[in-house]
J.: 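Structure provided below as C-alpha cells; questions to follow.
In what follows, chains are A, B, ... by sequence order, proteins preceding strands, each numbered from 1. Please read these numbers as outputs of a predicted model, since none were measured by experiment.
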4 protein chains.
Amino acid sequence: MSKDNKKPQGRPRSIAAHQAILKAALELLAEIGYERMSIEAIANRGKVGKTTIYRRYSSKEELVADAIESIREEVVIPDTGNFWGDIDALIENAAGITFNPLGRQAVTMIISSASSNSEFAQIYSTKYLQPRREAFTVVIERAKSRKEVRVDLDANFVFDVMSGMMLYGLIFPPISESWEEYVRHAVEAIIN
Amino acid sequence: MSKDNKKPQGRPRSIAAHQAILKAALELLAEIGYERMSIEAIANRGKVGKTTIYRRYSSKEELVADAIESIREEVVIPDTGNFWGDIDALIENAAGITFNPLGRQAVTMIISSASSNSEFAQIYSTKYLQPRREAFTVVIERAKSRKEVRVDLDANFVFDVMSGMMLYGLIFPPISESWEEYVRHAVEAIIN
Amino acid sequence: MSKDNKKPQGRPRSIAAHQAILKAALELLAEIGYERMSIEAIANRGKVGKTTIYRRYSSKEELVADAIESIREEVVIPDTGNFWGDIDALIENAAGITFNPLGRQAVTMIISSASSNSEFAQIYSTKYLQPRREAFTVVIERAKSRKEVRVDLDANFVFDVMSGMMLYGLIFPPISESWEEYVRHAVEAIIN
Amino acid sequence: MSKDNKKPQGRPRSIAAHQAILKAALELLAEIGYERMSIEAIANRGKVGKTTIYRRYSSKEELVADAIESIREEVVIPDTGNFWGDIDALIENAAGITFNPLGRQAVTMIISSASSNSEFAQIYSTKYLQPRREAFTVVIERAKSRKEVRVDLDANFVFDVMSGMMLYGLIFPPISESWEEYVRHAVEAIIN
DNA sequence: GAATAACCGAGACGGTACGTCAAGTCTTGGT
DNA sequence: ACCAAGACTTGACGTACCGTCTCGGTTATTC
C-alpha cells in the first residue's frame, strides 16, 4: 500500500507542456471566451501539439475545467468578531471571483453545460461552492453562539439564496445598486 | 406622412418558410440541444434553403431567440383572493416554463450568452421577465391593500430573489425539496 | 403571306431592356471574362430583372452569343487588284477581330464550348467564319482568273489553314514574329 | 552541404490519397467534363476529404492540370526509315491524344484558360507540345540528310501548322475527310 | 549504457458545418 | 404580357476545427 498500482514506464508527461496548455487556455478563455476558443488555437498558442492536449483531456470542457481549477485560491474563513463583518467578507470574496472577466466566463460556462453535463458543475460545486458553503456555516454557527442570529437559521439556505442572487446579478445586473449591495440586501432580508 | 418609410419591393418573404424554420428549430432544440444543432440541420428538416435562414437571421442565436419568442405564452395575473395563492400560482407558472426540457435549453442558452451578448438576455428580460415582474407587482400591491404584507415591501426585490433562486435551482437542484418548494421557501423568508 | 404566323399579344418586349442586357454583357465580358461573369451581375449592371434575361435567353452562352453577334461588322470583300493585297487585307481583318481583348474572349469562349455544345460554334461558324470563307473564295477565284495562283488551288483548304494558324497563334503566340506575319507565312507556304 | 534545405515535419502526405484524387478527377473529367465537375464530387468519389484536395491544389485548374500531366505518355520518335512514314506516325500519335474524350477535354480546357491563365497552357506547352516538337525536328532533320525534303525547311514551322490544323479540326471537324487526313493534307502542302 | 516505451511537435487524414455566392424559378406590385 | 425587385430551393464554394493518425525525434526509467 505504499505505492500506487501504477508503474509508468517511458518518458513522463512534460510539466512544461502541461503548463503551456493551461496558460494558453486561460488566456484564450479571457480573450475570446469559451465558445469561440478552439483546441487548435490553444495548441498553437501554447506551441504544443494537438495530440499532447488530447492525451490529457478528452474534451474542451475537461481542459477548461482543469485550467479553471488550477487558478482556484484557498478560501479563508473570515473572523472579524462580528457577524456582518464576516458575511461582508464572504460576499466580497465570492463577488471578487464571480464578477471579473475570467470568473464570468467560468460561471457562464458552468451554467451553460451544467444541465446536460455534470463534469463542469461538479467541479464548480465541489471546488468552489462547497468550501464557501462551509465557511458560511462556520460563520453562522459562530454568530449563533454569539446570539447574533436566531438559532434555527439554516446556513445552507442562506448560502443558496446568496448564490442565487449572485448568479442572477451576474446575468441581469441591478441598475441602482452594486452587485454586492444587492446580494447583501437579500441576505439581510432572509436573516432578519 | 404617417406611413412607414418602407415600401417593400419584390416577392415578399414566405410565411410558410418562416414557420417551417421556427418549427424545425424548436424541434431540434428540444431533441439535441442548442450546441449540437446546426443551421444545416434546421434547413434540412424545414425543407428550406440555408440562404432562406440566413436572409432572416444572421446567427443561430438570433434564430433561436426568435423561435423561443414565438412560443411565449401570455402571462395571466392570478387572482385567488389570497396572497399565497397568487404567489404560488406565479411560482408554478414560472417553474413550468423554466423546468422543462425546452425551457431549460432556452434559459441555459440565454444565460450562456447573456454576459457577452445582449441580444438574448434582452429578449428574455423584456419578453419573459418583465411581464412576470409586473404580475408580481400587481399581486403584491393587491396584498398590501389587503394588509397581507407590510406596505414597504419591494415587489421588484421579491421578484429578483425568486428569479435568482429559480436560476440557482435550475443549475444546482436542491436535494431534499422540489424546486418550487425551495423557491417558495425563499420568498417566505423574505416577506415575513 | 403578308403576316408572320405570330400575333404577339400583350406588352411587347422592351427594346431598352434588351439593349441594356447586351451592353452590360459586353462590358462584363471585356472586363472580367466569360467564366467569371454571372447572369446576376449582368442583371445588376443593366438595371434589369433576372427574369427579363431568362425570358430572352436560356443560358449564359446563348446570351453572350447574341451579344457578340450584335457587334459583328459586315465583311467587305477587298479588291486591291492584286492577290496578295487582297489576302493581306483579309488576314488583317480577321486578325483585328481575333486579337483584341473582346475578340479573344469571344474566340476562347467559342472554343471552350464548341466540342460539347454546338450552340456557340454554330453561330461562330455561320456568322463569322462563313462570310470570311466566301470572301476568301471570291478573292482566290479572282486570282485564278488573273493567273496569279494555280487553278486547282482549294480556297476552302487555304482558308482552313489560315484559320487554324490564327487559332494556334492566339493560344501559343509565336515568339519572333507577329501573328499576322506568321499566318501569312503559312498561307504563302500553301499557295507557293 | 548538398542536402535540400527542407526537412518535412509531421505526417507525410498520403500517396494513396493523392492517387485517389487524380483517379477521381480523371474519371469525372471524362464523364461529365471540366465545367460541370466539382471539387466536392472529386472528394466524394475519391473517398477523400475536401481539405485533402485543397491542401494540394488551390484551384480546380491546378488539380486537373496535375491530373492530366499524370497520364502523359512518353513520346517515341518514330523511325520507319521513310519520311512520310515517320510523319504519319507522329500525326497519328498526336491525333490519338487530341481526338479522344479525355484528350478533347484536356485540350478544350487548355484553350479556354490559355489566354488569361498561363498555368495550364504552360503545362500543355512544355509537357505535351515541346516533346512532340522535338520529335518533329529529329524526323525532319533525318529526312533532310536523306534528301527527302529541302534543307531550308523549318521544322518548327511545320509543327506549328500541323498543330494549328489539329486544333482547328478539333473545333470545326472537316466534313469530307477524317482529321488525320486533313492534317496530313496541310503538312504535304507546306513541305512540297 | 543500451533498450525500451511513452512522450513530444508538427502536420496530414476524413469529416461536419460554416457562411457566401450564383444558379434558375417564382411571386409580388406596378406599368 | 411585360417589367424590376427580390423572394425561393439547390448546390458548390473555400475555410475552420474536429478528433485521429502518422511521422522523426526526445527523454526517463528499466535491464
J.: What integer distance in Å separates Asn44(C):CG from dC21(E):C1'?
T.: 12 Å
J.: Would you mind telling me which residue lines up with the more 5' stretch of DNA chain E, Val48(D) or Ser58(C), judged by nearest nucleotide?
T.: Val48(D)
J.: Roughly, in whole Å, what's the span from CD1 in Ile15(C) to P in dT31(E)?
T.: 21 Å
J.: Counting any heavy atom closer than 4.0 Å, what does Lys50(A) reach on the DNA or RNA strands: base, sugar-phosphate only, or nothing?
T.: base
J.: Check the phosphate of dT9(F) against Thr52(B), side-chain N and O only, distance under 4.0 Å to OP1 or OP2. Yes or no?
T.: yes
J.: Separation of Ile53(C) atom CD1 from dA22(E) atom C1', in whole Å?
T.: 13 Å
J.: May I have the distance from Glu61(A) (atom CD) to dG19(F) (atom P), rounded to whole angstrom?
T.: 11 Å
J.: Take atom NE2 of His18(B) and atom C1' of dA7(F), then tell me their distance rounded to the nearest Å.
T.: 14 Å
J.: With DNA chain F as reference, determine whether Pro12(D) or Tyr54(D) sits nearer its 5' end, using the nearest nucleotide of each.
T.: Tyr54(D)
J.: Hey, does the side chain of Lys60(B) reach the backbone of Tyr34(B) with a donor-acceptor pair shorter than 3.5 angstrom?
T.: yes
J.: Donor-acceptor pair under 3.5 Å: do we get one between Arg11(A)'s side chain and the base of dT29(F)?
T.: no
J.: Among the candidates dG6(F), dG14(F), dA17(E), find the nucleotide nearest to the side-chain atoms of Glu40(B).
T.: dA17(E)
J.: I would like to know whether Glu31(B) and Met37(B) meet side chain to side chain contact (heavy atoms under 4.5 Å, CB included); could you show each step before the answer?
T.: CA-CA 9 Å; Glu31(B) 283 173 30; Met37(B) 109 197 190; over 6 Å; no
J.: Decide side chain to side chain contact (heavy atoms under 4.5 Å, CB included) for Arg45(B) and Lys23(B); before the verdict, give the C-alpha distance in whole Å, the side-chain angles of both, and the deciding distance to 0.1 Å.
T.: CA-CA 9 Å; Arg45(B) 182 175 296 221; Lys23(B) 182 164 178 292; over 6 Å; no
J.: Which heavy atom in Arg56(C) sits nearest to a heavy atom in Glu62(C), and how many Å separate them?
T.: O-OE2, 3.8 Å
J.: With sugar-phosphate meaning primed atoms plus P, OP1 and OP2, does Ser14(D) contact a base, only sugar-phosphate, or nothing at under 4.0 Å between heavy atoms?
T.: sugar-phosphate
J.: Provide, to the nearest angstrom, the distance between the CD1 atom belonging to Ile39(A) and the P atom belonging to dG15(E).
T.: 22 Å
J.: Taking for each residue the nucleotide of DNA chain F bearing the nearest heavy atom, is the 5' side occupied by Lys47(C) or by Gln9(D)?
T.: Lys47(C)
J.: Give Thr51(A) one of three labels, base, sugar-phosphate or nothing, depending on what nucleic acid heavy atoms sit under 4.0 Å from its own.
T.: base
J.: Rounding to a whole Å, what distance do you find between Leu63(C):CG and dA23(E):P?
T.: 11 Å
J.: For Ala17(A) and Met37(B), find the nucleotide of DNA chain E closest to each by heavy atoms; which residue's nucleotide sits nearer the 5' end?
T.: Ala17(A)
J.: Below the 4.0 Å mark, does dC13(E) have OP1 or OP2 next to a side-chain nitrogen or oxygen of Arg55(D)?
T.: yes
J.: How many whole angstroms separate atom CZ of Arg13(A) from atom P of dA6(E)?
T.: 11 Å
J.: Nearest 0.5 angstrom please: Leu63(A) CG to Ile68(A) CD1, how far?
T.: 10.0 Å
